[in-house]
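Report on the following structure.
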Amino acid sequence: MKVIIAEKPSVARDIAAIVGADNRKDGYLEGNGYCVTWAFGHLIGLAMPQDYGITGFQAENLPILPAEFKLLPRQVKDGKEYKPDPGTMKQLKVIKELFNKCERIVVATDAGREGELIFRYIYNYLECSRPFDRLWISSLTDQAIRKGLENLRPGKEYDNLYRSAKARSQADWVVGINASQALSISAGHGVWSLGRVQTPTLAMICSRYLENKDFKPQTYFQVKLHTAKDATQFAAISTERYNTKQEADDILNRVRSAESVNVISVEKKEANQEPPLLYDLTTLQKEANSRHSFSADKTLSVAQSLYEAKLISYPRTGSRYISDDVFAEIPALIGQLSGYAPFGNYAKIMSGASLNRRSVNDKKVTDHHALIITENMPKDISADQRIIYDMIAARMLEAFSGKCTKENTSVSLDASGIAFSVKGSIILIPGWRAVLNAPDEEKGEDDAPALPSLSDGDVLPINGTDLLEKQTKPRPLHTESSLLSSMETCGKDLTDETEREALKESGIGTPATRAAIIETLFSREYIQREKKSLVPTNKGLVVYLAIRDKKIADVAMTGAWESALNKIATGEMDADTFHRSIEVYAAQITTELLEKKIEGGNTRESCPCPKCKNGQVVIFQKVAKCNNEACGLTVFRNKSGKDLTDGQLKDLLTKGKTGTIKGFKSKENKPFDAAVAFDAEYKTIFQFDNSKKRKK
């Protein structure tokens with residue numbers, strides 16, 4: 001018997017249908033010589049400090065550097081303690097029984113670094129020694145699964161990928177645990193979170209925010225003149241910028257006094273624009289954010305659902321290329337889009353045409369090829385799924401289309417010795433731009449869409465003039481799109497696609513993890529959204545100001561680590577060497593952070609704890625919590641649909657109850673008024689007037 005283990009139940013069902021395991025059991029499917037079971041993501045993880053006998057946050061315990069890392073099943077909080085999750089333990093028991101009685105295991109977790117880690121941690125925790133093979137596929141279509149099962153690879157071929165995954169997991173533990181505890185000790189209250197990738201990402205958001213906030217705009221002026229030829233009107237802008245209005249007014253009057261403007265030179269150039277490369281996950285997330293305001297996490301979630309619906313290839317890819325064997329399937333995929341309304345007409349034109357091979361490169365395909373559609377056409381899918389599917393389908397058509405050919409015109413003019421310029425552009429051959437009739441993003445705000453036929457020496461009338469008052473602008477606040485770009489290129493602002501591709505290996509995070517990193521910053525209340533912009537909260541700025549000159553905030557160093565992890569995966573670097581460097585780093589940042597006092601770290605309201613009498617209860621945005629871990633007094637700000645004010649929380653903590661508060665809502669959504677008080681166990685209760693019942 002063979003056991004196939006998938007990452008989640010839905011994938012297990014798809015594989016079971018292919019191998020004929022249609023007999024449903026508790027925790028697995030059985031039939032035709034196979035048992036198909038599943039994990040629920042990360043069932044096994046690294047043990048926490050308390051599992052090594054280290055409790056509380058004590059400076060003398062740092063840095064915490066386990067000689068050997070312990071593996072534990074997923075934990076859930078039970079009161080003040082963490083205990084193994086019952087659902088996890090039940091499924092692990094099923095997996096262990098199947099592993100013990102099988103001849104061979106087929107690993108069908110997601111084909112990537114984290115998927116490999118999920119299986120290996122389970123395998124090692126269960127102390128299993130059965131041989132295993134790897135199912136490595138880039139889509140969940142029936143055809144892909146069958147082909148993958150016919151071409152299973154020996155599990156040993158992925159040992160380096162596992163070493164890379166384990167190195168990443170342990171590095172995040174060592175850096176995150178030590179840095180977070182050191183900063184929390186330094187702050188003197190609360191629990192503060194730092195991380196190997198999370199903190200440099202926060203630093204990028206905060207530094208851009210402060211740069212933008214501190215920017216002092218400089219006013220300048222330019223002159224705009226209106227002219228025409230052959231009934232085609234256009235405007236030109238002075239090439240010089242003027243720092244004072246007086247100087248600009250003098251120039252404006254000088255131009256107005258001129259009767260005409262002379263064309264000094266006309267330069268025309270034909271330019272070819274190559275089609276964009278296929279999407280990888282990061283590029284898809286960036287464009288979905290820019291065009292549709294999707295968060296990176298939402299884009300990944302929707303793409304994952306399309307993958308599991310067998311409509312697109314594996315979404316967590318870092319490659320924008322496909323291999324030659326996948327390219328052989330592209331004509332058929334384009335052909336099937338002929339019947340898909342949004343792109344049907346264009347797909348028909350492409351059918352049978354010679355395809356552009358810019359996105360075809362075997363050497364640049366990493367674990368998975370770029371995002372493409374599968375042979376399955378969408379039927380009943382949600383609006384969000386339709387948006388992402390259409391983006392991927394359109395990009396596939398664009399990538400294999402011909403170049404866009406444009407004619408760019410640059411014109412220099414002169415009016416009374418004042419130089420003016422204007423640029424224009426017309427598309428001669430739309431090529432790939434015809435898929436979506438995509439706008440030319442290279443045009444600037446002052447560009448004319450098209451110019452009349454102009455020649456050197458033309459004398460044109462001046463039909464009007466304007467004085468333009470402008471201001472220099474700071475770099476804009478980060479959006480999720482621009483932040484993903486910065487994470488991909490280690491904070492370097494690059495617009496050239498080739499340069500971005502070259503730096504991808506040294507980015508921070510991976511395509512699969514960047515969305516989760518951004519979401520972590522939201523959940524820690526370090527950042528928030530203002531429309532599409534990402535801005536730090538006061539808490540986030542306090543953390544940034546504490547660490548901005550420390551190693552933990554070094555984007556380049558974090559990028560170098562990601563490059564090292566990639567080298568471990570390819571066998572070019574030793575995992576033990578990497579881990580030793582992480583331990584040295586953790587010791588350094590621990591020392592740095594313990595010596596730091598957080599500026600603004602004690603600005604939150606606090607008062608003595610009424611329960612333990614030793615700690616201080618610190619009032620946070622959503623909760624008031626005692627900083628004495630042994631106490632654990634916690635008061636949530638929101639009660640029955642109403643947020644208590646800081647003053648009301650202080651009354652509760654110092655006097656044992658608040659005054660009467662109006663506007664609470666019952667479970668039946670009926671309003672009521674009451675005071676909030678502590679009971680004998682320091683649980684919050686409602687207190688009503690004597691004429692009313694007490695209600696918890």
Side-chain angles (χ1 to χ4, degrees), residues 41-42 110 112-115 117 164-165 168-169 171-172 175-176 193-208 279-304 307 314-320 366-368 370-371 388 391 477-494 500-501 503-524 526-529 532-534 536 540 552-566 569:
H42 288 271
D110 280 358
R113 191 166 77 184
E114 290 311 297
L117 188 70
S164 172
R168 192 280 310 154
S169 174
D172 284 349
V175 175
S193 171
L194 297 179
R196 182 180 64 89
V197 182
Q198 165 195 325
T199 303
T201 304
L202 174 65
M204 287 194 286
I205 295 170
C206 291
S207 62
R208 177 68 64 87
Y279 283 130
D280 63 358
L281 175 60
T282 301
T283 317
L284 177 68
Q285 288 171 319
K286 284 158 50 179
E287 294 195 13
N289 180 252
S290 298
R291 295 185 200 171
H292 305 289
S293 298
F294 279 24
S295 70
D297 188 59
K298 179 177 180 178
T299 300
L300 174 55
S301 176
V302 173
Q304 183 70 20
Y307 168 67
Y314 187 66
R316 289 175 166 84
T317 176
S319 177
R320 301 186 67 182
T366 51
D367 291 342
H368 295 279
L371 271 163
I388 297 300
M391 285 181 68
L477 297 171
H478 270 306
T479 62
E480 286 203 39
S481 177
S482 68
L483 181 62
L484 287 166
S485 287
S486 290
M487 293 174 78
E488 189 176 43
T489 58
C490 248
K492 296 178 174 65
D493 292 319
L494 302 175
R500 286 203 310 269
E501 282 293 304
L503 262 182
K504 281 173 69 169
E505 291 300 311
S506 59
I508 64 173
T510 66
T513 61
R514 288 175 189 136
I517 292 160
I518 296 170
E519 290 303 311
T520 296
L521 293 175
F522 281 115
S523 68
R524 303 290 187 205
Y526 285 169
I527 64 171
Q528 60 192 13
R529 286 187 182 90
K532 289 181 73 171
S533 298
L534 302 178
I552 187 73
D554 190 336
V555 177
M557 180 176 288
T558 308
W561 284 340
E562 203 62 58
S563 179
L565 290 170
N566 290 332

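A pairwise comparison of heavy atoms in Ser169 and Leu117 identifies CB-CD2, 3.9 Å as the closest pair. Between Ala303 and Pro315, the closest heavy-atom pair is CB-CB, 3.8 Å. Between Tyr279 and Met391, the closest heavy-atom pair is CE1-O, 3.3 Å. Of all non-hydrogen atoms in Ile518 and Ala296, the two that sit nearest each other are CD1-CB, 4.4 Å. Closest approach of Leu534 and Phe522 over heavy atoms only: CD2-CZ, 3.6 Å. The two residues Gly195 and Val175 come nearest to each other via the heavy atoms C-CG1, 4.3 Å.
Here Ser207 pairs with Tyr544 under the side chain to side chain contact (heavy atoms under 4.5 Å, CB included) rule; sequence neighbours left out. Partners of Tyr314 according to the ring-ring contact (aromatic ring centres under 6.0 Å, His included) rule, which considers only residues two or more places apart in sequence or in another chain, are Tyr307, His368. For Pro536, the side chain to side chain contact (heavy atoms under 4.5 Å, CB included) criterion is met by Ile205, Cys206, Tyr209, Leu541, not counting sequence neighbours. Applying the side chain to side chain donor-acceptor pair (under 3.5 Å) rule to Glu519 yields no partners; only residues at least two apart in sequence or on another chain are considered. Residues passing the salt bridge (Lys or Arg N to Asp or Glu O under 4.0 Å) test with Arg168, sequence neighbours excluded: Glu114, Asp172.
Side-chain contact of Arg514 with Thr282: a donor-acceptor pair under 3.5 Å is present, judged by distance alone. The closest side-chain donor-acceptor pair between Ser563 and Asn566, if any, does not fall under 3.5 angstrom. For Ser481 and Glu287, the side-chain atoms include no donor-acceptor pair closer than 3.5 Å. Donor-acceptor pairing under 3.5 Å is recorded for the side chains of Thr513 and Thr510.
The side chain to side chain donor-acceptor pair (under 3.5 Å) pairs that include a residue from residues 293-303 are Lys298-Asp384, where partners are two or more places apart or lie in different chains.
A distance-only check finds no donor-acceptor pair linking the side chain of Asp110 to the backbone of Gly112 [under 3.5 Å].
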Side chain to side chain contact (heavy atoms under 4.5 Å, CB included) between Arg208 and Leu483, intermediate numbers included:
CA-CA 10 Å; Arg208 177 68 64 87; Leu483 181 62; over 6 Å; no

Are Val555 and Thr558 close enough, and set up right, to give a side chain to side chain contact (heavy atoms under 4.5 Å, CB included), and what steps lead you there?
CA-CA 5 Å; Val555 177; Thr558 308; 5.8 Å; no

Can you check side chain to side chain contact (heavy atoms under 4.5 Å, CB included) on Ile508 and Glu488, steps first, answer last?
CA-CA 6 Å; Ile508 64 173; Glu488 189 176 43; over 6 Å; no

What verdict does the side chain to side chain contact (heavy atoms under 4.5 Å, CB included) test give for Ser486 and His478, after you've listed the backbone C-alpha separation in whole Å, the side-chain angles of each residue and the deciding distance to 0.1 Å?
CA-CA 9 Å; Ser486 290; His478 270 306; 3.3 Å; yes

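Side-chain contact between Arg113 and Leu565: present, with at least one pair of heavy atoms (C-beta onward) separated by less than 4.5 Å. Contact annotation: the side chain of Thr479 never approaches that of Ser290 to less than 4.5 Å [non-hydrogen atoms, C-beta and beyond]. Between Trp561 and Val197, the closest side-chain pair of non-hydrogen atoms is not below 4.5 Å.
A distance of 12.0 Å separates CG of Asp554 from OG1 of Thr199, quoted to the nearest 0.5 Å. Between the CD1 atom of Ile527 and the OG atom of Ser533 there is a distance of 11.5 Å, given to the nearest 0.5 Å. The CG atom of Leu202 sits 5.5 Å away from atom CG of Leu521, with the distance rounded to the nearest 0.5 Å.
Among Gln285, Arg529, Lys532, the single residue meeting the side-chain hydrogen bond (donor to acceptor under 3.5 Å, both in side chains) criterion with Glu480 is Arg529.
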